[in-house]
Amino acid sequence: MGKGLPKRSEDYSQWYNELVKKADLAEHSPVRGCMVIKPYGFSIWEKMQAAIDQMFKDTGHSNAYFPLFVPKSYLSREADHVEGFAKECAVVTHYRLKNAEDGSGVVVDPDARLEEELIVRPTSETVIWNTYKNWIQSYRDLPILLNQWANVVRWEMRTRLFLRTAEFLWQEGHTAHATRQEAIDETHQMLDVYANFAEEWMAMPVIKGVKTESERFPGAVDTYCIEALMQDGKALQSGTSHFLGQNFAKAFDVKFADKEGKLDLVWGTSWGVSTRLMGALIMAHSDDNGLILPPKLAPIQVVIVPIFKTDEQLAAVKEKTAPLMEELKASGVTCKLDDRDTQSPGWKFAEYEMKGVPVRLAVGPRDLENNTVEVARRDTGEKQVVPMEGISSHIRNLLVEMQDSIYQKALDFRSSRTTETDDYESFKQILDEKGGFIMAHWDGTAETEEKIKEETKATIRCIPLNRKEEEGTCIYSGKPSKGRVLFARAY
RNA sequence: CGGGGCGUAGCGCAGUCCGGUUAGCGUACCUGCUUUGGGAGCAGGGGGUCGCAGGUUCGAAUCCUGCCGCCCCGACCA
């Protein structure tokens with residue numbers, strides 16, 4: 001593994017790319033825009049999955065699985081939906097290969113063309129609503145509260161590891177309800193689940209809001225989102241929850257008989273987060289020495305690096321640390337002892353910093369003699385020699401404190417990079433000089449939104465749910481506005 | 001799809017303009033010795049269809065033609 005990372009201040013984007021590779025999270029695959037998620041990266045994703053999955057279960061959802069392929073005709077059933085996704089769909093046209101006659105390899109067998117092409121799902125609303133049609137006849141069949149963990153493909157023109165890949169992993173929840181209000185409540189509930197996950201697990205503060213019409217999910221009535229701020233001052237949409245109204249029920253003819261025997265269309269929601277959250281996690285906290293992981297999502301929370309010259313010294317360190325490891329494991333702390341004699345302690349220090357292991361313990365002859373251990377915390381870089389007595393509870397407290405402190409740091413950063421302005425010139429100046437979130441008045445029209453985007457590359461990330469109602473005038477058009485919206489340049 | 005750049009050892013690169021020893025450097029890898037509290041040192045060693053295909057030439061990584069792939073900028077991006 002090569003040394004060092006580019007500095008964030010010099011080239012943020014290159015810093016990110018290098019970090020992803022050097023922390024052993026992911027790498028490019030032979031296929032353009034796709035990635036190999038490496039074991040360490042995947043183990044972080046698994047921790048995220050486990051936590052989110054539990055939150056889904058706790059809110060009454062079950063997992064299921066629907067197929068990868070969508071018949072082409074399904075996609076066009078909902079007009080906005082096909083409009084939104086058609087340009088980035090991978091299409092399966094044949095089902096067989098054969099040996100080339102000139103011996104150059106295999107070629108597509110022209111006789112094996114599919115009667116109807118299959119789309120590799122960019123999202124599963126269509127397959128799922130087509131299925132729901134068969135499952136729903138009566139109000140007694142409702143609600144249906146399902147989630148699936150899956151891969152989807154969106155043929156993006158430009159990709160970046162985790163942030164935007166042609167194939168990505170995600171979960172997509174799809175629910176069906178008897179009433180409008182119940183579906184709206186579900187939409188909000190899942191938005192809250194995402195926000196809680198982002199803040200409590202990822203230590204990443206987010207703004208909850210609703211998208212403007214132009215940023216809305218194709219086929220949705222309303223799209224809610226959580227928006228996070230990255231260290232370079234750009235926004236990252238980190239999760240979405242859609243109120244679908246009756247749009248997909250209409251497209252797939254999903255009706256139910258209510259208590260009075262009257263037929264009505266079913267109300268729907270869908271919601272998802274993806275491996276993009278990995279990108280968010282990386283960019284929200286990490287520094288020029290590598291990844292910084294909040295303890296709750298760190299696959300290894302504590303690493304012990306023994307300092308030794310001889311086998312006897314190593315054995316003595318192991319004997320000393322064995323009870324500590326037992327104790328930590330018993331209290332749910334993931335702990336690893338790196339006793340390799342093939343790498344120097346300094347190499348290991350750098351390595352675990354790159355990988356974002358929250359707490360590092362170094363134990364050597366000096367410590368054995370004094371009954372101490374050197375404790376280093378990744379987020380601040382602080383090192384402390386502490387007595388072996390009570391070390392286990394010291395570490396547990398430290399992990400809790402770090403989780404909180406990492407969140408607080410991100411929150412402080414966001415506060416310092418959130419600006420209110422009432423003037424278009426200073427709006428542009430803030431974007432160029434400071435970046436971050438800008439709260440400003442907007443007249444509510446798509447035209448104005450588009451103009452601002454063209455001129456500044458900033459988009460309306462969302463209309464925050466908790467914004468205060470206040471009269472104002474649009475920074476661009478000068479027309480009246482009922483409240484501020486959240487602007488930023490975004491990923 | 002438009003503009004720019006790049007394909008040489010696992011990775012990162014020099015050499016290409018101006019053709020000419022055995023294609024080189026860093027790192028990684030292997031062996032040995034000394035080391036080990038912040039990415040160790042020394043010595044030795046292995047690893048190459050120079051993106052692919054043609055052409056020019058006594059001779060091509062280097063010049064010419066065609067093709068392929070990747071990266072960056074733009075367009076695009078629930």
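Below, each value reflects all heavy atoms present in this structure, side chains not excepted, and no hydrogens, waters or symmetry copies.
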task: Looking at every strand, decide which applies to A/R154 at a 4.0 Å heavy-atom threshold: base, sugar-phosphate, or nothing.
output: base
Please classify the nucleic acid contact of A/P365 as base, sugar-phosphate, or nothing, using heavy-atom distances under 4.0 Å. base
Using purine N1 to pyrimidine N3 plus N6-O4 or O6-N4 for Watson-Crick, or N1-O2 and O6-N3 for G-U wobble, both under 3.5 Å, which nucleotide pairs with [N]?
{"N": "B/rG7", "value": "B/rC68"}
{"N": "B/rG74", "value": "B/rC1"}
{"N": "B/rU16", "value": "none"}
{"N": "B/rA43", "value": "B/rU31"}
{"N": "B/rU62", "value": "none"}
{"N": "B/rA23", "value": "none"}

Quiz item: Do A/K383 and B/rG38 share a donor-acceptor pair, side chain to base, under 3.5 Å?
Solution: yes
With rounding to the closest Å, how many angstrom separate the [atom1] atoms on [N] and [M]?
{"N": "B/rA14", "M": "B/rA60", "atom1": "P", "answer": "24 Å"}
{"N": "B/rG45", "M": "B/rA28", "atom1": "C1'", "answer": "14 Å"}
{"N": "B/rC52", "M": "B/rG7", "atom1": "C1'", "answer": "11 Å"}
{"N": "B/rA53", "M": "B/rC68", "atom1": "P", "answer": "15 Å"}
{"N": "B/rC18", "M": "B/rU62", "atom1": "C1'", "answer": "10 Å"}
{"N": "B/rC29", "M": "B/rC67", "atom1": "P", "answer": "42 Å"}
{"N": "B/rA75", "M": "B/rG3", "atom1": "P", "answer": "16 Å"}
{"N": "B/rG47", "M": "B/rC25", "atom1": "P", "answer": "15 Å"}

Correct closest heavy-atom pair for A/S76 and A/V82 would be CA-CB, 3.8 Å
> Quick check: are there more than 12 heavy atoms from other residues, nucleotides or ligands sitting under 6.0 Å from NZ of A/K7?
Replying inline: no
So salt bridge (Lys or Arg N to Asp or Glu O under 4.0 Å) across residues 65-79 of chain A, not counting sequence neighbours, yields A/K72-A/E117
Would you kindly give the [atom1]-to-[atom2] distance between [X] and [N], to the nearest whole Å?
{"X": "A/K309", "N": "B/rU35", "atom1": "NZ", "atom2": "P", "answer": "9 Å"}
{"X": "A/W347", "N": "B/rC29", "atom1": "CH2", "atom2": "P", "answer": "8 Å"}
{"X": "A/R378", "N": "B/rG38", "atom1": "CZ", "atom2": "P", "answer": "17 Å"}
{"X": "A/I307", "N": "B/rU35", "atom1": "CD1", "atom2": "P", "answer": "17 Å"}
{"X": "A/L314", "N": "B/rG37", "atom1": "CG", "atom2": "P", "answer": "15 Å"}
{"X": "A/Q343", "N": "B/rU36", "atom1": "CD", "atom2": "P", "answer": "16 Å"}
{"X": "A/E27", "N": "B/rC11", "atom1": "CD", "atom2": "P", "answer": "10 Å"}
{"X": "A/D341", "N": "B/rC33", "atom1": "CG", "atom2": "P", "answer": "13 Å"}

Nucleotide by nucleotide, nucleotides 70-77 of chain B touches protein heavy atoms under 4.0 Å in the pattern (B base, S sugar-phosphate only, - none) S--SBBBB
Taken in chain and number order and not counting sequence neighbours, the residues that satisfy side chain to side chain donor-acceptor pair (under 3.5 Å) with A/N247 are none
Could you walk me through whether A/C89 and A/V120 pass side chain to side chain contact (heavy atoms under 4.5 Å, CB included), step by step? CA-CA 7 Å; A/C89 283; A/V120 180; over 6 Å; no
Result for 5'-nearest mapping on RNA chain B, choosing between A/W170 and A/G346, is A/G346
The residue, A/K348 or A/G84, whose nearest nucleotide of RNA chain B is more 5′ is A/K348
In this structure, CG of A/L68 is separated from CD1 of A/I119 (nearest 0.5 Å) by 11.0 Å
message: Looking at A/R378 and A/E353, is there a salt bridge between them, counting it only when a charged N and a carboxylate O are closer than 4.0 Å?
response: no
I'd like to know if A/E227 pairs up with A/K211 as an ion pair, taking the criterion as any Lys NZ or Arg NE/NH1/NH2 lying under 4.0 Å from an Asp or Glu carboxylate oxygen.
yes
query = Under 30°, 30 to 60°, or over 60°: which ring-plane class applies to A/W201 and A/F197, parallel, tilted or perpendicular?
reply = parallel
For B/rG39 and A/S344 - does any side-chain N or O of the residue sit under 4.0 Å from the phosphate oxygens OP1/OP2? no
